[in-house]
Amino acid sequence: MDQSVAIQETLMQGEYCVIAVQGVLCEGDSRQSRLLGLVRHRLEHGGQEHALFLYTHRRMAITGDDVTLDQIVPVSRDFTLEEVSSDGELYILGSDVTIQLDTVELSLTFQLPFGSHTRMFLQEVARACPGFDPATPDPEFQWLSGYQCLQREPDSRTLHGWNLARDTWPGYTTIGGGGSNFDNSRSNGKSLLGDQSSGGQDKAENSLTRQNKSKSEITDLVRSSTITVSDKAHILSMQKFGLRDTIVKSHLVQKEDDYTYIQNFRFFVGTYNVNGQSPKECLRPWLSHGIQAPDVYCVGFQELDLSKEAFFFHDTPKEEEWFKAVSESLHPDAKYAKVKLIRMVGIMLLLYVKQEHAAYISEVETETVGTGIMGRMGNKGGVAIRFQLHNTSICIVNSHLAAHTEEYERRNQDYKDICSRMQFCQVDPSLPALTISKHDVILWLGDLNYRIEDLDVEKVKKLVEEKDFQTLYAYDQLKIQVAAKTVFDGYTEGELTFQPTYKYDTGSDDWDTSEKCRAPAWCDRILWKGKNIIQLSYQSHMALKTSDHKPVSSEFDIGVKVINDELYRKTLEEIVRSLDKMENANIPSVSLSKREFCFQNVKYMQLQVDSFTIHNGQVPCQFEFINKPDEQSFCKQWLSANPSKGFLLPDSNAKIELELFVNKTTATKLNSGEDKIEDILVLHLDRGKDYFLSVTGNYLPSCFGSPIHTLCYMRQPIVDLPLETISELTLMPMQTEDDGSQLESPMEIPKELWMMVDYLYRNAIQQEDLFQQPGLRSEFEHIRDCLDTGMIDNLSASNHSVAEALLLFLESLPEPVICYRAYHSCLECTGNYTASKQVISTLPTFHKNVFNYLMAFLQELLKNSTKNHLDGNILASIFGSLLLRNPAGHEKLEMTDKKKAQEFIHQFLCNTL
Amino acid sequence: MATAPYNYSYIFKYIIIGDMGVGKSCLLHQFTEKKFMADCPHTIGVEFGTRIIEVSGQKIKLQIWDTAGQERFRAVTRSYYRGAAGALMVYDITRRSTYNHLSSWLTDARNLTNPNTVIILIGNKADLDAQRDVTYEEAKQFAEENGLLFLEASAKTGENVEDAFLEAAKKIYQNIQDGSLDLNAAESGVQHKPSAPQGGRLTSEPQPQREGCGC
Ligand SMILES: Nc1nc2c(ncn2[C@@H]2O[C@H](COP(=O)(O)OP(=O)(O)O)[C@@H](O)[C@H]2O)c(=O)[nH]1
Ligand SMILES: [Mg+2]
């Protein structure tokens with residue numbers, strides 16, 4: 001069902017149809033099918049450009065002949081293709097996908113079929129978008145000038161088609177692109193100044209750019225050797241844009257327990273407010289002494305750099321210094337890979353994993369939230385890294401909350417702001433952003449700045465000295481606030497068995513002796529939330545004296561969901577199978593009330609109608625009768641189907657009428673048996689099944705449509721003759737004379753002609769307006785039956801009906817009375833009666849007989865012209881066009897030829913024969 | 001497990017042909033739904049089914065066209081052969097006439113598809129061994145003489161049904177691998193799809209195969 005092959009055939013050398021999809025273009029109430037092909041052009045100097053080619057098409061396009069290029073939409077920088085969902089409606093699985101295509105010039109809405117193919121198409125288009133990198137040149141689309149499209153209506157739409165000046169596209173792009181970037185970053189809730197994340201962050205300007213950039217920094221090496229993310233991580237990561245994939249993923253999440261088991265990972269979490277200092281001492285006592293090598297290191301700093309420069313400019317040498325200091329002090333028993341470093345002013349978070357786990361880390365995202373001055377600046381706030389370790393999602397937050405003893409409510413507020421504004425992009429941009437709380441495991445560390453309240457400094461110091469942390473703890477603001485559920489709801493903190501980590505005289509273990517003489521406080525804390533987390537230690541490290549804070553650390557055993565390959569594969573297969581089934585169930589399917597149609601005893605010019613109902617299943621569908629190969633139309637000429645195409649909503653019906661009507665064009669072959677009342681119609685459902693309808697029946701041969709000489713040899717009524725005889729006589733070649741080859745000697749003229757003329761001669765010779773008034777249809781049928789059955793005595797019809805039957809008879813003759821081959825000679829000798837008579841004398845006997853017979857009859861009529869008001873001109877013009885027919889068909893009949901034919905006949909009406 | 005996740009990279013078109021009543025629709029249904037549809041209505045037209053399978057670690061989407069078997073529709077069904085990568089030619093082991101007609105089906109299949117189209121002969125209704133009218137051996141010989149894959153299967157029990165579709169796919173894939181099936185040909189019946197990017201981590205972008213198609 002993929003139709004890119006057909007599109008490919010229409011493309012020029014070097015252009016390639018990446019993928020095609022058939023959709024419905026919706027404009028107002030109109031719905032038109034289009035083929036959408038994504039076409040790639042390779043540029044000579046490297047690089048590539050894309051455009052969407054829109055085609056009108058015949059049914060399911062198989063070759064280039066089936067498609068016609070209608071419109072080209074270059075995939076320029078302002079090009080967007082977005083899926084739109086009707087507001088407020090639930091997403092309906094299996095429904096069509098509505099997409100909106102926008103560029104500066106146009107806006108189109110399409111409906112694409114549900115399913116993976118559409119997803120793949122959207123994915124490919126997304127990949128084709130040029131992105132916003134100013135380093136790459138704007139696409140120029142020069143190659144498109146070689147294509148001619150059907151012209152669209154010349155109104156405002158002219159811009160749509162490919163008839164623009166080349167520079168119409170890129171002109172707008174930088175403005176449009178840049179503008180939307182700005183808007184986006186604002187709507188993310190960040191002012192330009194406040195968004196002071198460190199360099200490694202590529203903010204999502206636009207979902208499309210995101211896809212073009214590699215976000216992976218995981219391969220930064222800390223200690224020797226090379227390490228890359230193995231393919232394994234792909235299993236954990238998600239593909240973008242794919243509905244099929246999204247569904248698979250959501251099923252996989254639901255069935256997670258079926259294919260995962262819990263395995264403990266040792267996490268080291270550390271936090272250190274370094275008071276703007278550079279590293280002066282080894283960090284091993286904090287990071288690696290007395291512990292076994294952890295699997296994961298999460299190390300956070302606050303007040304990395306207190307200088308104005310760090311505040312207003314993004315760079316600080318401290319970042320590198322502390323990163324190095326940490327990297328050198330990690331546990332010596334293992335090799336670690338840095339996963340990510342994220343910094344906002346002085347708040348920095350580092351994530352390392354043991355090298356062997358790197359392959360199982362995926363979907364790493366970072367975010368920052370400033371809560372400082374003006375509620376935005378980065379001197380306070382939080383930074384976070386989220387990632388997936390095996391199948392468990394983990395979020396690490398490092399925050400530095402508002403200072404000062406009395407400001408605990410501010411701190412609560414900061415926490416809430418961080419929670420609400422920290423939003424991680426998803427790999428699939430169509431999914432809503434992830435928040436901190438959406439993770440299986442959350443580890444929150446930092447200088448939370450909660451103090452000990454309602455105790456004077458000396459009392460605090462005394463309790464510390466007595467190591468009565470229990471008593472002291474009761475006055476801890478964080479404990480009080482958590483208990484009141486105003487902050488860190490649902491989080492757990494381990495027991496505080498170490499003395500407050502703030503505030504010391506730098507370089508010592510002595511309490512602050514400065515003027516302010518701050519009371520000691522447990523500013524630096526580590527909390528967690530999630531299942532399968534066991535805290536193994538929670539301590540401060542007095543040995544480090546660089547700062548006025550002491551660093552804090554905690555070790556955890558965290559149960560991580562690890563995939564069992566075997567079970568995963570099994571589960572995945574089940575899911576893929578169920579999706580296949582769903583896809584099959586979504587192939588449009590209808591039921592037909594009838595698929596065999598039998599038309600009995602079809603007669604000449606007698607309409608027969610049969611009908612059937614299409615009942616649609618659950619998938620909206622478009623139906624259409626399609627041509628069989630090598631045929632010009634979907635059914636035989638004597639048949640028609642109404643309507644021949646249409647659209648059906650689920651569970652709705654359409655009634656189709658099949659009309660059978662044999663006229664002069666089709667009668668002769670039915671008489672001869674060359675054609676039969678037999679046909680197969682193919683009812684095609686767009687993207688779905690084809691249904692065959694069979695039409696059968698029998699035709700009753702008639703004198704109408706039979707050649708003159710054939711009728712002359714039929715002494716009996718045509719209905720009394722065996723079909724073979726009729727066939728034989730109809731196929732018999734026209735001879736000039738009776739050659740005696742037939743058993744029975746022929747009549748001079750067809751008896752049916754005689755019957756009609758005789759009837760008129762007897763009854764209508766004085767009839768006013770003869771040949772000028774229409775007859776009655778029912779009477780025609782009666783006359784036809786009388787002629788074909790030979791029961792002429794039963795004939796009772798109005799003169800006008802008989803006169804019309806005579807004209808119809810002459811019209812139905814496959815070879816006109818004056819044979820086609822004599823046509824031109826007749827016109828030439830018009831005006832020369834002798835020559836005209838000479839031409840008539842060359843006609844085959846039966847034709848000559850008929851001609852003379854008719855002329856004699858018409859002359860008789862003219863004798864009564866006072867009564868019947870006929871004159872030579874009227875009769876000549878009526879009979880001229882029936883007796884003399886242009887072999888090239890009527891569309892070529894010119895006025896002068898018509899006139900000549902009339903004059904030709906006229907000669908025979910006013911002269912003796 | 002190291003394969004790309006959920007998307008397929010090839011589409012193969014299959015057709016199922018053979019006399020009416022040999023079980024073509026049941027085979028398709030068994031393959032896509034793993035169920036036997038005893039009261040399957042006659043196919044009067046063309047139906048589709050799809051399923052994603054895996055061959056040598058590649059995900060392949062099979063797109064299977066099930067055609068009407070009646071003689072009177074023969075002229076019309078012929079138009080659906082075009083562009084098939086695989087053809088399942090089915091007879092009923094309990095009805096010799098359906099076996100006798102094979103040469104006519106085979107002529108159509110050969111004339112209307114490309115030379116590389118893989119044809120597999122399937123003797124269906126293998127569960128009705130007691131009523132067998134065509135021996136395994138003679139059909140096997142017929143298949144060998146004509147260079148066809150051959151299996152006896154049962155749409156009822158499901159025996160060999162999966163294999164029939166898979167064997168053909170393996171053969172097609174093998175033809176692609178060894179270059180004998182030219183994907184550039186418009187009628188190869190195979191489409192190669194670049195698999196989708198994964199989480200922005202794909203370093204090398206897979207290139208579609210039909211590049212520079214000379215048609
Ligand atoms: N016992 C048996 N019956 C089958 C098998 N396959 C199909 N049938 C029956 O054969 C009849 C025709 O099957 P169908 O699939 O409609 O044949 P088709 O015309 O080739 O599509 C149905 O009545 C099925 O129930 C089979 O493997 N074993
Ligand atoms: Mg069938």
Side-chain angles (χ1 to χ4, degrees), chain A residues 1-2 4-5 8-9 13-14 16 18-19 62-64 116 119-120 123-124 127 210-211 213-216 229-235 237-242 244-245 248-249 362-363 427 565 568-569 572 576-577 579-581 583-584 587 595 628-629 680 682-683 688-692 694, chain B residues 1-8 11 13 28-29 32-34 41 43-54 59 61-63 65-68 70 72-73 75-80 82-83 186-188 191 193-203 205 208 210-215:
Chain A
M1 283 184 276
D2 181 276
S4 60
V5 182
Q8 185 66 51
E9 290 182 17
Q13 189 84 42
Y16 172 68
V18 180
I19 186 167
I62 294 172
T63 73
S116 55
R119 286 295 137 193
M120 185 133 59
Q123 241 162 41
E124 290 295 330
R127 274 152 49 102
R210 290 185 68 74
Q211 300 186 359
K213 287 182 187 170
S214 164
K215 303 210 69 185
S216 170
V229 180
S230 85
D231 282 340
K232 283 217 164 188
H234 294 169
I235 296 150
S237 71
M238 270 308 300
Q239 296 178 7
K240 291 160 188 166
F241 228 126
R244 187 184 179 97
D245 299 320
V248 172
K249 166 120 177 171
S362 64
E363 294 178 42
V427 178
D565 288 4
Y568 176 83
R569 171 175 283 275
L572 181 60
V576 167
R577 276 304 297 269
L579 283 188
D580 284 345
K581 283 186 188 175
E583 194 170 328
N584 285 326
I587 293 175
R595 35 206 321 176
K628 296 176 285 292
I680 295 170
V682 181
L683 179 67
K689 304 178 180 183
D690 286 359
Y691 297 82
F692 298 163
S694 39
Chain B
M1 176 111 167
T3 53
Y6 324 118
N7 252 326
Y8 50 89
I11 302 174
K13 172 180 167 178
L28 173 59
H29 196 78
T32 56
E33 309 288 322
K34 286 221 164 108
T43 313
I44 304 177
V46 175
E47 306 190 348
F48 298 99
T50 82
R51 201 183 125 182
I52 293 176
I53 56 162
E54 200 171 306
K59 292 242 179 349
K61 180 171 183 155
L62 297 184
Q63 193 180 82
W65 304 38
D66 169 30
T67 59
Q70 281 110 308
R72 62 188 170 128
F73 294 130
V76 187
T77 47
R78 283 195 179 106
S79 61
Y80 294 87
R82 188 177 161 185
E187 300 191 12
S188 67
Q191 290 161 35
K193 290 293 165 201
S195 52
Q198 285 128 33
R201 290 236 174 81
L202 263 195
T203 43
E205 183 185 338
R210 287 214 322 271
E211 196 71 14
C213 171
C215 41

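The structure presented is a predicted model; accordingly, all values stated were derived computationally and were not measured. In what follows, every chain begins at residue 1, and chains take the letters A, B, ... in the order their sequences are listed.
You'll find the side chain of B:Arg78 stays beyond 4.5 Å of the side chain of A:Lys628, heavy atoms only. Contact of the A:Tyr691 side chain with the B:Val46 side chain is not registered, since no non-hydrogen atoms from C-beta on lie closer than 4.5 Å. Put simply, the side chain of B:Glu54 reaches to within 4.5 Å of the side chain of A:Arg569, judged on heavy atoms.
Contacts of A:Ile680 classified as side chain to side chain contact (heavy atoms under 4.5 Å, CB included), with partners at least two apart in sequence or in another chain: A:Phe692, B:Phe73, B:Val76. In this structure, A:Lys581 has no salt bridge (charged side-chain N to carboxylate O under 4.0 Å, His left out) partners at least two apart in sequence or on a different chain.
Checking side-chain atoms of A:Arg595 against main-chain N and O of B:Ile44 turns up a donor-acceptor pair under 3.5 Å. The backbone N or O of B:Gly49 lies less than 3.5 Å from no partner atom in the side chain of A:Asn584, so there is not a single donor-acceptor pair.
Note on A:Glu583 versus B:Lys61: salt bridge recorded, some NZ/NE/NH1/NH2 to OD/OE distance being below 4.0 Å.
Neither the backbone nor the side chain of B:Lys13 comes within less than 4.5 Å of any heavy atom of chain A. With a 4.5 angstrom heavy-atom cutoff, B:Arg72 touches chain A via backbone and side-chain atoms both.
With values rounded to the nearest 0.5 angstrom, A:Asp580 atom CG is found 10.5 Å from B:Ile53 atom CD1.
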